[in-house]
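Source: prediction; values computed, not measured.
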Amino acid sequence: MPADLHVHTTFSDGTFSPAEIVKFAKKAGLNSIAITDHDVIDGIEEAVAEGKKLGVEVIPGIEFTTEIPDAEIHILGYYIDYKLPKLAQTLEKIQKDRVARIYKIIDKLGKIGIKLDPDKVFEIAGHGSAGRPHIARALISEEHVRNIREAFSKYLSHGGPAYVKHFRLTPEEAIKLILEAKGVPVFAHPAVSNCDEIIPDLVAAGLKGIEVFYSGHSKEKEKHYLGLAEKYNLLATGGTDFHGLANGREIELGDVAVPDELVAKLKAAKESG
Ligand code: AMP
Ligand code: ZN
Ligand code: FE
Ligand code: FE
């Protein structure tokens, strides 16, 4: 049975709790799933506990949002030691900045005549790590836009009138931190970042995989990145990037899945350090 290696929960911007995700994974016939919330590890324990109950392997993971001057690069980490203090400290810094950033985004929206109550956004985010998708949902509920896509294209996208930068690690820093946490670093959805020229630098920093199979990758892109995985001797991973319902994407958990052998290879990559 296959594995879905890219899944978000309510602890970042997904709409299902970690326990719900594991139940869906079981129903979809998956053997393993990786919980890869954005810059947060708080959903892992709940998923692991549910996985033990249902017989689904939960791979503790994370998806770091990192930045280089011209692009955003997402770095996945698999089998991380999520109790490492240094990891927790870095994530806390990132989370604090995310809260401050919500106020800045709302400020910018206010300057162009769009009023939004920060409390409303934090209410939507719940225990989740607050971000643009929560702002987008608040904009919908206040009838400023019709859907998430419009919220991003009108206001929130990079370069948009309400765009605010995050405090971010560089991709190399994220890779280093994942390795310190004894995890396996993987370049997420490379076609989305569209800057292949950085791959040799990431490999030099310790990258071990590349997300070849992805809900947003065409067959052509898949072939292209499979070629690069071979060239650089990287594991070819895959996943849906499932965020749940009403998130502007039509995808079901497990729609993109990789074989169990790949999970075994990830584990082996972890053990080889
Ligand atoms: P943030 O971490 O606050 O910068 O928000 C990033 C998240 O917003 C991404 O992980 C996506 O889930 C979501 N996102 C980014 N661009 C779009 C878009 N054009 N439409 C819908 N969701 C998006
Ligand atoms: Zn997301
Ligand atoms: Fe991503
Ligand atoms: Fe993701």
Side-chain angles (χ1 to χ4, degrees), residues 1-9 18 21-37 41 43-44 47-64 74-82 174-175 178-179 181-193 196 199-200 202-203 205-242 251-273:
M1 272 188 293
D4 187 336
L5 298 179
H6 193 153
V7 181
H8 295 273
T9 78
I21 289 290
V22 176
K23 286 191 184 90
F24 291 144
K26 179 78 183 174
K27 222 189 249 169
L30 297 174
N31 246 353
S32 15
I33 53 157
I35 300 294
T36 55
D37 278 314
I41 48 164
I44 294 174
V48 169
E50 189 69 16
K52 279 193 186 132
K53 261 197 240 163
L54 301 183
V56 174
E57 186 194 0
V58 172
I59 299 166
I62 191 158
E63 181 177 21
F64 278 108
H74 292 188
I75 303 288
L76 293 156
Y78 294 116
Y79 288 109
I80 48 167
D81 169 8
Y82 56 95
I175 289 170
I178 290 166
L179 292 172
K182 306 271 181 255
V184 184
V186 171
F187 183 6
H189 45 67
V192 176
S193 295
D196 293 358
I199 294 174
L202 302 185
V203 170
L207 190 76
K208 290 186 179 163
I210 183 165
E211 193 174 45
V212 171
F213 309 100
Y214 182 68
S215 48
H217 279 179
S218 63
K219 285 284 159 211
E220 246 169 44
K221 290 287 178 196
E222 230 176 73
K223 211 172 139 197
H224 170 70
Y225 287 108
L226 201 53
L228 290 182
E230 275 165 29
K231 178 174 174 189
Y232 292 105
N233 198 21
L234 296 168
L235 293 169
T237 73
T240 52
D241 204 0
F242 184 68
I251 184 94
E252 290 295 330
L253 194 71
D255 275 359
V256 179
V258 292
D260 291 333
E261 295 85 81
L262 196 262
V263 178
K265 283 185 191 164
L266 273 178
K267 221 179 267 177
K270 172 192 174 61
E271 274 148 23
S272 75

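Across all non-hydrogen atoms, the minimal contact from V212 to A236 is CG2-CB, 3.6 Å. Closest approach of V263 to S32, counting heavy atoms only: CG2-OG, 3.9 Å. Listed here is the closest heavy atom pair of G183 and P185: O-CD, 3.5 Å. Contact between E63 and A188 at its shortest, heavy atoms only, is OE2-CB, 3.9 Å.
Judged by distance alone, the side chain of H189 and the main-chain N or O of H217 form no donor-acceptor pair under 3.5 Å. Remark: the backbone N or O of K182 is paired with a side-chain donor or acceptor of K270 at under 3.5 angstrom. Not one N or O on the side chain of D241 forms a donor-acceptor pair closer than 3.5 Å with the backbone of H6. Looking only at distances, a side-chain donor or acceptor of H8 sits under 3.5 Å from a matching main-chain atom of T36. With hydrogens and angles disregarded, no donor-acceptor distance shorter than 3.5 Å links the side chain of K221 to the backbone of A191.
A salt bridge does not link E220 with K223: every distance from a Lys NZ or Arg NE/NH1/NH2 to an Asp or Glu carboxylate oxygen is 4.0 Å or more.
A distance of 9.5 Å separates CG of L207 from CG of L235, quoted to the nearest 0.5 Å. The CG atom of L234 lies 6.0 Å from the CD1 atom of I210; values are rounded to the nearest 0.5 Å. The distance from atom CG of L266 to atom CG of L76, rounded to the nearest 0.5 Å, is 10.0 Å. Between atom CG of residue D196 and atom NE2 of residue H224 there is a gap of 4.0 Å, rounded to the nearest 0.5 Å. One distance of note links OH of Y225 with OH of Y214; it measures 12.5 Å at 0.5 Å rounding. One finds the CG atom of L262 at 6.5 Å from the CG atom of L5 (value rounded to the nearest 0.5 Å).
For the side-chain contact (heavy atoms from CB on, under 4.5 Å) test, residues two or more places apart in sequence or in another chain that qualify with A28 are L30. D4 is linked by a side chain to side chain donor-acceptor pair (under 3.5 Å) to T240, counting only residues two or more places apart in sequence or in another chain.
Side-chain contact check for F187 versus V203: every heavy-atom pair is 4.5 Å or farther apart. In this structure, the side chains of F213 and L226 come closer than 4.5 Å at one or more pairs of heavy atoms. Using a 4.5 Å heavy-atom threshold, the side chains of K26 and V22 count as separate. Residues E50 and V58 are not in side-chain contact: their nearest non-hydrogen atoms beyond the backbone lie 4.5 Å or more apart. Residues F24 and I33 are not in side-chain contact: their nearest non-hydrogen atoms beyond the backbone lie 4.5 Å or more apart. Contact check for I44 versus P18: no side-chain heavy atoms found under the 4.5 Å cut-off.
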>> I'd like to know whether I178 forms a side chain to side chain contact (heavy atoms under 4.5 Å, CB included) with F64, so could you lay out the CA-CA distance, the side-chain angles of the two residues, the decisive distance to 0.1 Å, and finally the verdict.
In response: CA-CA 9 Å; I178 290 166; F64 278 108; 3.8 Å; yes
> Yes or no on side chain to side chain contact (heavy atoms under 4.5 Å, CB included) for L202 and I175, after CA distance, side-chain angles and deciding distance?
Replying inline: CA-CA 8 Å; L202 302 185; I175 289 170; 3.9 Å; yes
